[in-house]
*Asks:* 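Please read through the structure below; I'll follow up with questions.
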Amino acid sequence: MRVIYILLILLSILQSHSIYAQRYHPLANLWKVDDTEVPEYLEFEKNLTAIDEILRPILEQDDFISSFGGTSINIFENHIVVNTVNYSKVDDLLALPQITPHKAFLFFKKTNNSMSLLKHNFYKISSIAQIIHPKRVLIYIDMEYNNVVLYFLGHNINNTEFIDAVKSFNPTIIYEGSSPPSQNIIRPQRDYDYDNSIKIKALGGDGLYNNANNMACSLGFWATNKYHPEELYIITAGHCHNNTDPQNNFYLLPWNSTLSNLTFLGSMVFDFIEIYDFGIIHVVGEDVSPSSVIRNDDADQYKELPISDGAPVSSHGVHICKSGYTSRFTCGYVLGLNEIYATEDGFTVTWELIITTLYGGYGDSGGSVFSFVSPQDLNLVVVHGIIITVGLASCSAQSIDTIFKEVNEKIFYDLILYLGNS
Ligand SMILES: *[C@@H]1O[C@H](CO)[C@@H](O)[C@H](O)[C@H]1NC(C)=O
Ligand SMILES: *[C@@H]1O[C@H](CO)[C@@H](O)[C@H](O)[C@H]1NC(C)=O
Ligand SMILES: *[C@@H]1O[C@H](CO)[C@@H](O)[C@H](O)[C@H]1NC(C)=O
Ligand SMILES: *[C@@H]1O[C@H](CO)[C@@H](O)[C@H](O)[C@H]1NC(C)=O
Ligand SMILES: *[C@@H]1O[C@H](CO)[C@@H](O)[C@H](O)[C@H]1NC(C)=O
Ligand SMILES: *[C@@H]1O[C@H](CO)[C@@H](O)[C@H](O)[C@H]1NC(C)=O
Ligand SMILES: *[C@@H]1O[C@H](CO)[C@@H](O)[C@H](O)[C@H]1NC(C)=O
(Lines give C-alpha, C1' and ligand atoms only; values in the text may rest on other atoms or scores of the structure.)
(Ligands and ions follow the chains in the order given, each with its own letter.)
Protein backbone atom coordinates (compact mmCIF):
# COMPACT_ATOMS: atom_id res chain seq x y z
CA MET A 1 0.00 0.00 0.00
CA ARG A 2 2.72 2.39 1.03
CA VAL A 3 4.68 1.55 -2.12
CA ILE A 4 1.71 2.41 -4.31
CA TYR A 5 1.18 5.63 -2.42
CA ILE A 6 4.80 6.67 -2.97
CA LEU A 7 4.53 5.75 -6.63
CA LEU A 8 1.46 7.92 -6.97
CA ILE A 9 3.26 10.85 -5.40
CA LEU A 10 6.19 10.31 -7.71
CA LEU A 11 3.92 10.17 -10.72
CA SER A 12 2.16 13.36 -9.76
CA ILE A 13 5.49 15.11 -9.25
CA LEU A 14 6.68 13.97 -12.67
CA GLN A 15 3.42 15.02 -14.22
CA SER A 16 3.35 18.44 -12.69
CA HIS A 17 6.86 18.93 -13.98
CA SER A 18 6.11 17.87 -17.51
CA ILE A 19 2.98 19.98 -17.64
CA TYR A 20 4.04 23.18 -15.90
CA ALA A 21 7.81 23.42 -15.81
CA GLN A 22 9.10 25.32 -18.80
CA ARG A 23 12.84 25.65 -18.64
CA TYR A 24 14.07 26.97 -21.93
CA HIS A 25 15.91 30.00 -20.72
CA PRO A 26 19.51 29.31 -19.60
CA LEU A 27 18.82 31.10 -16.31
CA ALA A 28 15.73 28.96 -15.66
CA ASN A 29 18.07 25.96 -15.80
CA LEU A 30 20.70 27.55 -13.62
CA TRP A 31 18.28 28.80 -10.99
CA LYS A 32 15.96 25.77 -11.24
CA VAL A 33 12.91 27.95 -11.74
CA ASP A 34 10.37 28.17 -14.56
CA ASP A 35 10.84 30.52 -17.50
CA THR A 36 8.05 32.72 -16.22
CA GLU A 37 9.98 33.39 -12.99
CA VAL A 38 13.23 34.41 -14.69
CA PRO A 39 12.33 38.12 -15.16
CA GLU A 40 11.48 38.46 -11.46
CA TYR A 41 14.74 36.89 -10.24
CA LEU A 42 16.72 38.84 -12.82
CA GLU A 43 15.19 42.01 -11.44
CA PHE A 44 16.11 40.98 -7.88
CA GLU A 45 19.66 40.42 -9.10
CA LYS A 46 19.76 43.77 -10.89
CA ASN A 47 18.45 45.69 -7.90
CA LEU A 48 20.75 43.92 -5.44
CA THR A 49 23.72 44.56 -7.72
CA ALA A 50 22.87 48.26 -7.74
CA ILE A 51 22.73 48.33 -3.92
CA ASP A 52 25.98 46.34 -3.72
CA GLU A 53 27.55 48.97 -5.98
CA ILE A 54 26.80 51.61 -3.31
CA LEU A 55 27.72 49.36 -0.39
CA ARG A 56 31.09 47.93 -1.50
CA PRO A 57 33.07 51.19 -1.70
CA ILE A 58 31.78 52.16 1.77
CA LEU A 59 32.90 48.83 3.24
CA GLU A 60 36.36 49.44 1.75
CA GLN A 61 36.75 52.60 3.85
CA ASP A 62 39.02 52.62 6.90
CA ASP A 63 36.06 52.78 9.32
CA PHE A 64 34.61 49.52 8.05
CA ILE A 65 37.28 47.44 6.32
CA SER A 66 38.33 45.65 9.49
CA SER A 67 34.76 45.07 10.70
CA PHE A 68 33.25 43.50 7.57
CA GLY A 69 34.45 40.68 5.32
CA GLY A 70 32.90 41.31 1.90
CA THR A 71 29.47 40.90 0.31
CA SER A 72 27.69 38.38 -1.88
CA ILE A 73 24.34 38.51 -3.66
CA ASN A 74 21.64 35.92 -2.93
CA ILE A 75 18.71 36.36 -5.30
CA PHE A 76 16.65 33.56 -3.74
CA GLU A 77 16.52 35.39 -0.42
CA ASN A 78 16.48 38.73 -2.24
CA HIS A 79 19.25 40.04 -0.03
CA ILE A 80 22.96 40.85 0.05
CA VAL A 81 24.92 38.75 2.52
CA VAL A 82 27.26 41.11 4.37
CA ASN A 83 30.04 39.16 6.09
CA THR A 84 30.31 40.74 9.52
CA VAL A 85 33.24 40.48 11.91
CA ASN A 86 32.27 43.17 14.41
CA TYR A 87 28.51 43.64 14.87
CA SER A 88 28.97 46.88 16.78
CA LYS A 89 29.67 48.57 13.42
CA VAL A 90 26.37 47.53 11.85
CA ASP A 91 24.39 50.44 13.30
CA ASP A 92 26.98 52.93 12.04
CA LEU A 93 26.67 51.47 8.59
CA LEU A 94 22.86 51.44 8.55
CA ALA A 95 22.80 55.03 9.75
CA LEU A 96 24.54 56.28 6.60
CA PRO A 97 22.04 58.12 4.37
CA GLN A 98 23.18 56.14 1.29
CA ILE A 99 22.54 52.83 3.07
CA THR A 100 19.43 53.47 5.20
CA PRO A 101 16.91 53.16 2.31
CA HIS A 102 18.28 49.69 1.47
CA LYS A 103 18.54 48.18 4.96
CA ALA A 104 15.78 45.64 4.25
CA PHE A 105 18.03 44.06 1.60
CA LEU A 106 21.06 43.55 3.85
CA PHE A 107 21.66 40.37 5.80
CA PHE A 108 24.52 40.52 8.30
CA LYS A 109 26.22 37.16 8.68
CA LYS A 110 28.78 36.42 11.40
CA THR A 111 32.20 35.67 9.97
CA ASN A 112 35.73 35.65 11.32
CA ASN A 113 37.86 37.26 8.61
CA SER A 114 37.69 40.95 7.82
CA MET A 115 38.31 42.32 4.33
CA SER A 116 41.52 43.97 5.52
CA LEU A 117 42.82 40.60 6.72
CA LEU A 118 41.65 38.81 3.55
CA LYS A 119 43.31 41.40 1.30
CA HIS A 120 46.50 41.19 3.32
CA ASN A 121 46.54 37.39 3.11
CA PHE A 122 45.73 37.45 -0.60
CA TYR A 123 48.55 39.90 -1.21
CA LYS A 124 51.02 37.79 0.78
CA ILE A 125 49.98 34.53 -0.88
CA SER A 126 50.19 36.05 -4.39
CA SER A 127 53.66 37.44 -3.61
CA ILE A 128 54.80 33.99 -2.50
CA ALA A 129 53.24 32.51 -5.67
CA GLN A 130 55.46 34.78 -7.75
CA ILE A 131 58.55 33.46 -5.98
CA ILE A 132 57.72 29.76 -5.66
CA HIS A 133 55.85 29.39 -8.97
CA PRO A 134 53.09 26.92 -8.08
CA LYS A 135 51.42 25.30 -11.07
CA ARG A 136 47.80 25.42 -12.17
CA VAL A 137 46.25 27.18 -9.23
CA LEU A 138 43.57 29.85 -9.06
CA ILE A 139 44.01 32.13 -6.06
CA TYR A 140 41.02 34.19 -5.00
CA ILE A 141 39.03 35.64 -2.12
CA ASP A 142 35.81 33.65 -1.72
CA MET A 143 32.90 35.33 0.06
CA GLU A 144 31.14 32.14 1.11
CA TYR A 145 34.25 30.61 2.67
CA ASN A 146 35.17 34.11 3.89
CA ASN A 147 38.72 33.16 3.07
CA VAL A 148 41.46 33.08 0.45
CA VAL A 149 40.98 29.95 -1.67
CA LEU A 150 43.69 28.01 -3.49
CA TYR A 151 41.88 26.09 -6.21
CA PHE A 152 44.19 23.48 -7.76
CA LEU A 153 43.26 22.38 -11.28
CA GLY A 154 44.56 18.81 -11.08
CA HIS A 155 45.86 16.44 -8.43
CA ASN A 156 49.03 15.14 -9.98
CA ILE A 157 51.15 18.26 -9.72
CA ASN A 158 53.39 18.55 -6.67
CA ASN A 159 52.62 21.94 -5.16
CA THR A 160 53.71 20.94 -1.66
CA GLU A 161 56.38 23.62 -1.36
CA PHE A 162 53.86 26.37 -2.11
CA ILE A 163 51.19 24.96 0.18
CA ASP A 164 53.71 24.76 3.03
CA ALA A 165 54.92 28.29 2.38
CA VAL A 166 51.43 29.82 2.66
CA LYS A 167 50.18 27.62 5.50
CA SER A 168 50.35 30.42 8.07
CA PHE A 169 47.66 32.35 6.16
CA ASN A 170 45.21 29.44 6.54
CA PRO A 171 43.87 29.42 2.99
CA THR A 172 41.02 27.09 2.01
CA ILE A 173 42.42 24.45 -0.35
CA ILE A 174 40.28 22.87 -3.06
CA TYR A 175 41.31 20.26 -5.61
CA GLU A 176 39.28 19.92 -8.75
CA GLY A 177 37.56 16.50 -8.95
CA SER A 178 38.97 15.33 -12.25
CA SER A 179 40.17 16.90 -15.44
CA PRO A 180 37.90 18.61 -17.99
CA PRO A 181 37.40 17.34 -21.56
CA SER A 182 40.75 16.61 -23.18
CA GLN A 183 42.73 19.13 -25.17
CA ASN A 184 41.10 20.06 -28.41
CA ILE A 185 43.83 19.23 -30.86
CA ILE A 186 42.33 18.59 -34.23
CA ARG A 187 44.07 17.13 -37.21
CA PRO A 188 42.92 18.17 -40.66
CA GLN A 189 41.86 15.22 -42.78
CA ARG A 190 42.76 16.92 -46.02
CA ASP A 191 43.65 20.29 -47.47
CA TYR A 192 41.28 23.07 -46.70
CA ASP A 193 38.59 24.00 -49.19
CA TYR A 194 37.73 27.61 -49.04
CA ASP A 195 34.10 28.45 -49.17
CA ASN A 196 33.86 31.64 -51.18
CA SER A 197 30.14 31.75 -51.72
CA ILE A 198 28.49 33.96 -49.15
CA LYS A 199 29.57 35.90 -46.10
CA ILE A 200 29.42 33.84 -42.96
CA LYS A 201 28.67 35.46 -39.64
CA ALA A 202 31.13 34.68 -36.88
CA LEU A 203 29.44 34.79 -33.49
CA GLY A 204 30.69 34.93 -29.92
CA GLY A 205 31.34 31.33 -28.86
CA ASP A 206 32.16 30.07 -32.37
CA GLY A 207 35.31 28.02 -32.75
CA LEU A 208 38.61 29.38 -34.03
CA TYR A 209 41.23 27.17 -35.59
CA ASN A 210 44.91 28.10 -35.58
CA ASN A 211 46.86 26.08 -38.11
CA ALA A 212 50.13 26.84 -36.31
CA ASN A 213 49.25 24.42 -33.53
CA ASN A 214 46.21 22.47 -34.78
CA MET A 215 44.27 23.80 -31.89
CA ALA A 216 40.72 24.93 -31.38
CA CYS A 217 39.93 28.03 -29.36
CA SER A 218 36.81 30.15 -29.24
CA LEU A 219 35.75 33.60 -30.34
CA GLY A 220 35.21 36.03 -27.46
CA PHE A 221 33.84 39.11 -29.15
CA TRP A 222 34.41 41.43 -32.09
CA ALA A 223 36.09 44.78 -31.71
CA THR A 224 36.60 47.69 -34.05
CA ASN A 225 38.66 50.87 -34.23
CA LYS A 226 36.79 53.85 -32.85
CA TYR A 227 37.94 56.06 -35.73
CA HIS A 228 38.14 53.43 -38.48
CA PRO A 229 35.03 51.27 -38.14
CA GLU A 230 36.02 49.28 -41.24
CA GLU A 231 38.92 47.78 -39.26
CA LEU A 232 37.70 44.63 -37.55
CA TYR A 233 39.23 42.45 -34.88
CA ILE A 234 38.39 39.30 -32.95
CA ILE A 235 39.41 39.01 -29.30
CA THR A 236 40.34 35.56 -28.01
CA ALA A 237 42.78 34.03 -25.50
CA GLY A 238 46.48 34.94 -25.93
CA HIS A 239 47.57 31.37 -25.29
CA CYS A 240 45.84 30.33 -28.55
CA HIS A 241 48.90 31.86 -30.24
CA ASN A 242 51.94 29.70 -31.05
CA ASN A 243 54.93 31.87 -30.26
CA THR A 244 57.45 29.75 -32.14
CA ASP A 245 55.55 29.82 -35.40
CA PRO A 246 55.84 33.02 -37.45
CA GLN A 247 52.39 32.51 -38.94
CA ASN A 248 49.35 32.21 -36.76
CA ASN A 249 46.52 32.16 -39.24
CA PHE A 250 43.10 31.77 -37.72
CA TYR A 251 40.06 30.21 -39.40
CA LEU A 252 36.44 30.13 -38.34
CA LEU A 253 35.36 26.79 -36.91
CA PRO A 254 31.57 26.89 -36.48
CA TRP A 255 29.91 24.53 -33.98
CA ASN A 256 29.58 20.95 -35.29
CA SER A 257 31.72 21.82 -38.31
CA THR A 258 34.60 19.77 -39.61
CA LEU A 259 37.82 21.13 -40.95
CA SER A 260 36.73 20.79 -44.56
CA ASN A 261 35.16 24.20 -45.12
CA LEU A 262 37.33 26.62 -43.21
CA THR A 263 36.78 30.31 -43.59
CA PHE A 264 39.92 32.42 -43.28
CA LEU A 265 39.78 35.17 -40.67
CA GLY A 266 43.28 36.64 -40.32
CA SER A 267 46.37 36.39 -38.20
CA MET A 268 46.91 37.21 -34.55
CA VAL A 269 48.58 40.61 -34.46
CA PHE A 270 49.08 40.89 -30.71
CA ASP A 271 49.10 38.43 -27.90
CA PHE A 272 49.45 39.22 -24.25
CA ILE A 273 50.38 36.20 -22.17
CA GLU A 274 52.70 37.62 -19.56
CA ILE A 275 50.45 39.36 -17.07
CA TYR A 276 47.22 39.09 -18.99
CA ASP A 277 46.02 36.46 -21.40
CA PHE A 278 44.33 37.69 -24.55
CA GLY A 279 45.08 38.03 -28.24
CA ILE A 280 43.83 40.15 -31.12
CA ILE A 281 43.12 38.72 -34.55
CA HIS A 282 43.05 41.33 -37.30
CA VAL A 283 40.29 40.08 -39.56
CA VAL A 284 41.10 40.44 -43.25
CA GLY A 285 39.16 37.43 -44.57
CA GLU A 286 36.53 38.62 -47.04
CA ASP A 287 34.04 35.82 -46.51
CA VAL A 288 33.21 36.55 -42.94
CA SER A 289 31.17 39.33 -41.44
CA PRO A 290 31.27 40.56 -37.84
CA SER A 291 28.47 40.08 -35.40
CA SER A 292 27.42 41.38 -32.03
CA VAL A 293 25.59 38.20 -31.16
CA ILE A 294 26.48 35.22 -28.95
CA ARG A 295 25.78 31.69 -30.04
CA ASN A 296 23.48 29.29 -28.18
CA ASP A 297 22.45 27.10 -31.13
CA ASP A 298 22.04 23.84 -29.28
CA ALA A 299 19.06 25.24 -27.37
CA ASP A 300 15.46 25.20 -28.55
CA GLN A 301 14.96 28.86 -27.74
CA TYR A 302 17.18 31.86 -27.06
CA LYS A 303 19.53 30.66 -29.79
CA GLU A 304 21.16 33.98 -30.63
CA LEU A 305 21.79 36.52 -27.91
CA PRO A 306 22.43 40.13 -28.93
CA ILE A 307 25.14 42.02 -27.04
CA SER A 308 23.93 45.35 -25.68
CA ASP A 309 27.19 46.44 -24.06
CA GLY A 310 30.49 45.45 -22.44
CA ALA A 311 31.19 45.96 -18.74
CA PRO A 312 33.22 44.42 -15.92
CA VAL A 313 31.57 42.25 -13.27
CA SER A 314 31.42 43.94 -9.89
CA SER A 315 29.47 41.69 -7.50
CA HIS A 316 30.05 38.24 -6.06
CA GLY A 317 27.30 35.63 -6.26
CA VAL A 318 25.68 36.88 -9.47
CA HIS A 319 25.06 34.62 -12.49
CA ILE A 320 27.49 34.47 -15.40
CA CYS A 321 27.43 32.47 -18.65
CA LYS A 322 29.82 31.47 -21.37
CA SER A 323 29.67 30.25 -24.97
CA GLY A 324 32.52 28.22 -26.46
CA TYR A 325 33.36 25.67 -29.13
CA THR A 326 33.93 22.62 -26.88
CA SER A 327 31.32 22.69 -24.14
CA ARG A 328 28.99 25.17 -25.83
CA PHE A 329 26.68 27.22 -23.65
CA THR A 330 26.83 26.98 -19.85
CA CYS A 331 25.93 29.22 -16.92
CA GLY A 332 27.18 29.46 -13.33
CA TYR A 333 28.04 31.98 -10.62
CA VAL A 334 30.77 34.51 -9.90
CA LEU A 335 33.09 33.37 -7.09
CA GLY A 336 35.94 35.87 -7.19
CA LEU A 337 36.94 39.16 -8.81
CA ASN A 338 40.33 40.66 -9.73
CA GLU A 339 42.01 37.39 -8.92
CA ILE A 340 45.05 35.52 -10.21
CA TYR A 341 46.05 32.28 -11.89
CA ALA A 342 49.49 30.68 -11.72
CA THR A 343 49.76 28.91 -15.06
CA GLU A 344 50.79 25.48 -16.16
CA ASP A 345 54.39 26.49 -16.87
CA GLY A 346 54.58 27.83 -13.33
CA PHE A 347 56.16 31.13 -14.35
CA THR A 348 53.34 33.27 -15.61
CA VAL A 349 50.74 34.69 -13.30
CA THR A 350 47.64 36.06 -14.99
CA TRP A 351 45.95 38.96 -13.21
CA GLU A 352 42.53 40.53 -12.98
CA LEU A 353 40.50 37.40 -13.57
CA ILE A 354 36.87 36.66 -12.87
CA ILE A 355 36.66 33.27 -11.12
CA THR A 356 33.41 31.41 -11.78
CA THR A 357 31.68 28.07 -11.23
CA LEU A 358 31.35 27.69 -15.04
CA TYR A 359 31.98 24.35 -16.71
CA GLY A 360 34.33 24.40 -19.69
CA GLY A 361 36.76 22.32 -21.77
CA TYR A 362 40.02 23.20 -23.49
CA GLY A 363 38.73 24.49 -26.85
CA ASP A 364 36.51 26.94 -24.95
CA SER A 365 39.53 29.18 -24.29
CA GLY A 366 38.84 32.65 -25.61
CA GLY A 367 35.06 32.12 -25.64
CA SER A 368 32.56 34.82 -24.63
CA VAL A 369 31.73 35.40 -20.97
CA PHE A 370 28.61 37.47 -20.33
CA SER A 371 25.40 37.82 -18.33
CA PHE A 372 21.76 38.52 -19.04
CA VAL A 373 20.77 42.08 -18.28
CA SER A 374 17.17 42.81 -18.98
CA PRO A 375 14.09 41.42 -17.22
CA GLN A 376 12.13 42.89 -20.16
CA ASP A 377 14.22 41.25 -22.90
CA LEU A 378 15.56 37.86 -21.88
CA ASN A 379 17.78 37.63 -24.97
CA LEU A 380 19.90 40.65 -24.22
CA VAL A 381 23.39 40.17 -22.73
CA VAL A 382 26.37 42.25 -21.56
CA VAL A 383 29.87 40.91 -22.31
CA HIS A 384 32.27 40.64 -19.36
CA GLY A 385 35.33 39.00 -20.88
CA ILE A 386 36.83 35.84 -22.38
CA ILE A 387 37.57 32.35 -21.01
CA ILE A 388 41.20 31.85 -19.91
CA THR A 389 41.26 28.69 -17.79
CA VAL A 390 38.78 25.83 -18.00
CA GLY A 391 37.57 23.32 -15.46
CA LEU A 392 34.62 21.30 -14.23
CA ALA A 393 33.28 24.16 -12.11
CA SER A 394 36.05 26.70 -12.11
CA CYS A 395 36.48 28.51 -15.44
CA SER A 396 38.18 31.86 -15.13
CA ALA A 397 37.85 34.84 -17.45
CA GLN A 398 39.98 37.84 -18.36
CA SER A 399 37.87 40.92 -17.75
CA ILE A 400 36.84 43.05 -20.76
CA ASP A 401 37.92 46.31 -19.10
CA THR A 402 41.44 44.92 -18.61
CA ILE A 403 41.58 43.94 -22.29
CA PHE A 404 40.56 47.34 -23.63
CA LYS A 405 42.67 49.22 -21.10
CA GLU A 406 45.81 47.25 -22.03
CA VAL A 407 45.23 47.41 -25.78
CA ASN A 408 44.53 51.09 -25.85
CA GLU A 409 47.27 52.12 -23.40
CA LYS A 410 50.04 49.84 -24.64
CA ILE A 411 49.51 49.72 -28.39
CA PHE A 412 47.22 52.69 -29.00
CA TYR A 413 44.67 50.78 -30.97
CA ASP A 414 41.59 52.81 -30.02
CA LEU A 415 39.62 49.60 -29.91
CA ILE A 416 36.01 49.44 -28.79
CA LEU A 417 33.52 46.61 -28.56
CA TYR A 418 31.82 46.01 -31.92
CA LEU A 419 28.09 46.61 -31.48
CA GLY A 420 27.11 46.75 -35.17
CA ASN A 421 23.57 46.36 -36.34
CA SER A 422 23.43 42.58 -36.45
C1 LIG B 1 13.89 47.26 -8.31
O2 LIG B 1 14.22 48.62 -8.31
C3 LIG B 1 13.29 49.45 -8.98
C4 LIG B 1 13.85 50.84 -9.02
O5 LIG B 1 14.43 51.19 -7.81
C6 LIG B 1 11.96 49.37 -8.23
O7 LIG B 1 11.00 50.15 -8.90
C8 LIG B 1 11.50 47.93 -8.21
O9 LIG B 1 10.32 47.80 -7.44
C10 LIG B 1 12.55 47.03 -7.61
N11 LIG B 1 12.15 45.65 -7.79
C12 LIG B 1 12.26 44.74 -6.85
C13 LIG B 1 11.79 43.38 -7.20
O14 LIG B 1 12.75 44.96 -5.75
C1 LIG C 1 34.22 46.51 17.49
O2 LIG C 1 33.94 47.87 17.19
C3 LIG C 1 33.81 48.68 18.35
C4 LIG C 1 33.32 50.04 17.90
O5 LIG C 1 34.17 50.61 16.95
C6 LIG C 1 35.16 48.72 19.04
O7 LIG C 1 35.06 49.51 20.23
C8 LIG C 1 35.57 47.31 19.43
O9 LIG C 1 36.87 47.30 19.96
C10 LIG C 1 35.54 46.42 18.21
N11 LIG C 1 35.73 45.04 18.61
C12 LIG C 1 36.70 44.30 18.11
C13 LIG C 1 36.76 42.90 18.62
O14 LIG C 1 37.49 44.71 17.27
C1 LIG D 1 35.50 31.53 13.95
O2 LIG D 1 36.30 31.57 15.09
C3 LIG D 1 35.79 30.79 16.16
C4 LIG D 1 36.66 31.04 17.37
O5 LIG D 1 38.00 30.95 17.02
C6 LIG D 1 35.74 29.32 15.76
O7 LIG D 1 35.19 28.54 16.78
C8 LIG D 1 34.87 29.18 14.52
O9 LIG D 1 34.90 27.86 14.05
C10 LIG D 1 35.35 30.11 13.41
N11 LIG D 1 34.40 30.09 12.32
C12 LIG D 1 34.76 29.85 11.07
C13 LIG D 1 33.67 29.88 10.06
O14 LIG D 1 35.91 29.63 10.77
C1 LIG E 1 56.93 17.16 -3.54
O2 LIG E 1 57.95 18.15 -3.45
C3 LIG E 1 58.57 18.22 -2.18
C4 LIG E 1 59.59 19.36 -2.22
O5 LIG E 1 59.04 20.49 -2.83
C6 LIG E 1 59.25 16.91 -1.85
O7 LIG E 1 59.84 16.97 -0.57
C8 LIG E 1 58.23 15.78 -1.91
O9 LIG E 1 58.89 14.54 -1.73
C10 LIG E 1 57.50 15.79 -3.23
N11 LIG E 1 56.43 14.79 -3.19
C12 LIG E 1 56.21 13.92 -4.13
C13 LIG E 1 55.07 12.98 -3.92
O14 LIG E 1 56.90 13.88 -5.14
C1 LIG F 1 54.29 25.76 -32.69
O2 LIG F 1 54.96 25.95 -33.92
C3 LIG F 1 56.16 25.22 -34.03
C4 LIG F 1 56.85 25.65 -35.32
O5 LIG F 1 55.94 25.61 -36.39
C6 LIG F 1 55.85 23.73 -33.98
O7 LIG F 1 57.03 22.99 -34.08
C8 LIG F 1 55.15 23.41 -32.66
O9 LIG F 1 54.75 22.06 -32.61
C10 LIG F 1 53.94 24.29 -32.49
N11 LIG F 1 53.41 24.13 -31.15
C12 LIG F 1 52.25 23.52 -30.89
C13 LIG F 1 51.82 23.48 -29.48
O14 LIG F 1 51.58 23.02 -31.77
C1 LIG G 1 31.63 22.68 -48.16
O2 LIG G 1 32.05 23.16 -49.42
C3 LIG G 1 31.53 22.42 -50.49
C4 LIG G 1 32.15 22.96 -51.76
O5 LIG G 1 32.17 24.37 -51.76
C6 LIG G 1 29.99 22.51 -50.50
O7 LIG G 1 29.45 21.75 -51.55
C8 LIG G 1 29.46 22.00 -49.16
O9 LIG G 1 28.07 22.17 -49.10
C10 LIG G 1 30.12 22.74 -48.01
N11 LIG G 1 29.71 22.12 -46.76
C12 LIG G 1 29.30 22.82 -45.74
C13 LIG G 1 28.95 22.05 -44.51
O14 LIG G 1 29.22 24.04 -45.76
C1 LIG H 1 25.52 20.07 -32.81
O2 LIG H 1 25.67 18.78 -32.26
C3 LIG H 1 24.98 18.61 -31.04
C4 LIG H 1 25.39 17.29 -30.46
O5 LIG H 1 25.59 16.33 -31.46
C6 LIG H 1 23.48 18.73 -31.31
O7 LIG H 1 22.76 18.54 -30.12
C8 LIG H 1 23.21 20.11 -31.87
O9 LIG H 1 21.85 20.26 -32.21
C10 LIG H 1 24.07 20.43 -33.07
N11 LIG H 1 23.96 21.84 -33.36
C12 LIG H 1 23.78 22.32 -34.56
C13 LIG H 1 23.71 23.80 -34.68
O14 LIG H 1 23.68 21.60 -35.55
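Numbering of ligands and ligand atoms starts at 1, following listing order. Keep in mind the model is a prediction, meaning the values are calculated, not measured.
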*Asks:* I'd like to know whether CD of Gln61 has more than 12 heavy-atom contacts from other residues, nucleotides or ligands below 6.0 angstrom.
*Replies:* yes
*Asks:* Can you sort out which atoms of ligand 4 are near Glu161, meaning under 4.0 Å from one of its heavy atoms?
*Replies:* 5 (O)
*Asks:* Closer than 4.0 Å to some heavy atom of Thr160 - which atoms of ligand 4 meet that?
*Replies:* 1 (C)
*Asks:* Parallel, tilted or perpendicular: which describes the rings of Phe44 and Tyr41, with under 30° parallel and over 60° perpendicular?
*Replies:* perpendicular
*Asks:* Tell me whether the rings of Phe221 and Phe404 are parallel (<30°), tilted (30 to 60°) or perpendicular (>60°).
*Replies:* tilted
*Asks:* So if I count the atoms of ligand 1 from 1 in the order they appear, which ones are less than 4.0 Å from some heavy atom of Glu43?
*Replies:* 1 (C), 8 (C), 10 (C), 11 (N), 12 (C), 13 (C)
*Asks:* In the protein, which heavy atom is nearest to atom 9 (O) of ligand 4, and how far is it?
*Replies:* Asn158 ND2, 4.8 Å
*Asks:* Is the shortest side-chain N to carboxylate O distance from Glu406 to Lys410 below 4.0 Å?
*Replies:* yes
*Asks:* Give the numbers and elements of all ligand 1 atoms closer than 4.0 Å to a heavy atom of Phe44.
*Replies:* 13 (C)
*Asks:* Quick test: of every protein heavy atom, which one is nearest to atom 6 (C) of ligand 1, and how far off is it to 0.1 Å?
*Replies:* Asn47 ND2, 4.1 Å
*Asks:* Do His282 and Tyr233 pass the ring-ring contact (aromatic ring centres under 6.0 Å, His included) test, and can you show the C-alpha distance, the side-chain angles, and the key distance before you say yes or no?
*Replies:* CA-CA 5 Å; His282 186 198; Tyr233 303 88; 4.8 Å; yes
*Asks:* Flag atom 4 (C) of ligand 3 as yes if some protein heavy-atom distance to it falls below 4.0 Å, otherwise no.
*Replies:* no
*Asks:* Run the numbers for me: atoms of ligand 3, each under 4.0 Å from some heavy atom of Asn112, listed by number.
*Replies:* 1 (C), 2 (O), 3 (C), 8 (C), 10 (C), 11 (N), 12 (C), 14 (O)
*Asks:* I'd like to check atom 12 (C) of ligand 1 in this structure: does the protein have a heavy atom lying under 4.0 Å from it?
*Replies:* yes
*Asks:* Can you list everything that forms a side chain to side chain contact (heavy atoms under 4.5 Å, CB included) with Ile128? Sequence neighbours excluded, please.
*Replies:* Ile132, Phe162, Ala165, Val166, Phe169
*Asks:* Under a 4.0 Å N-O cut-off, is there an ion pair linking Lys405 with Glu352?
*Replies:* yes
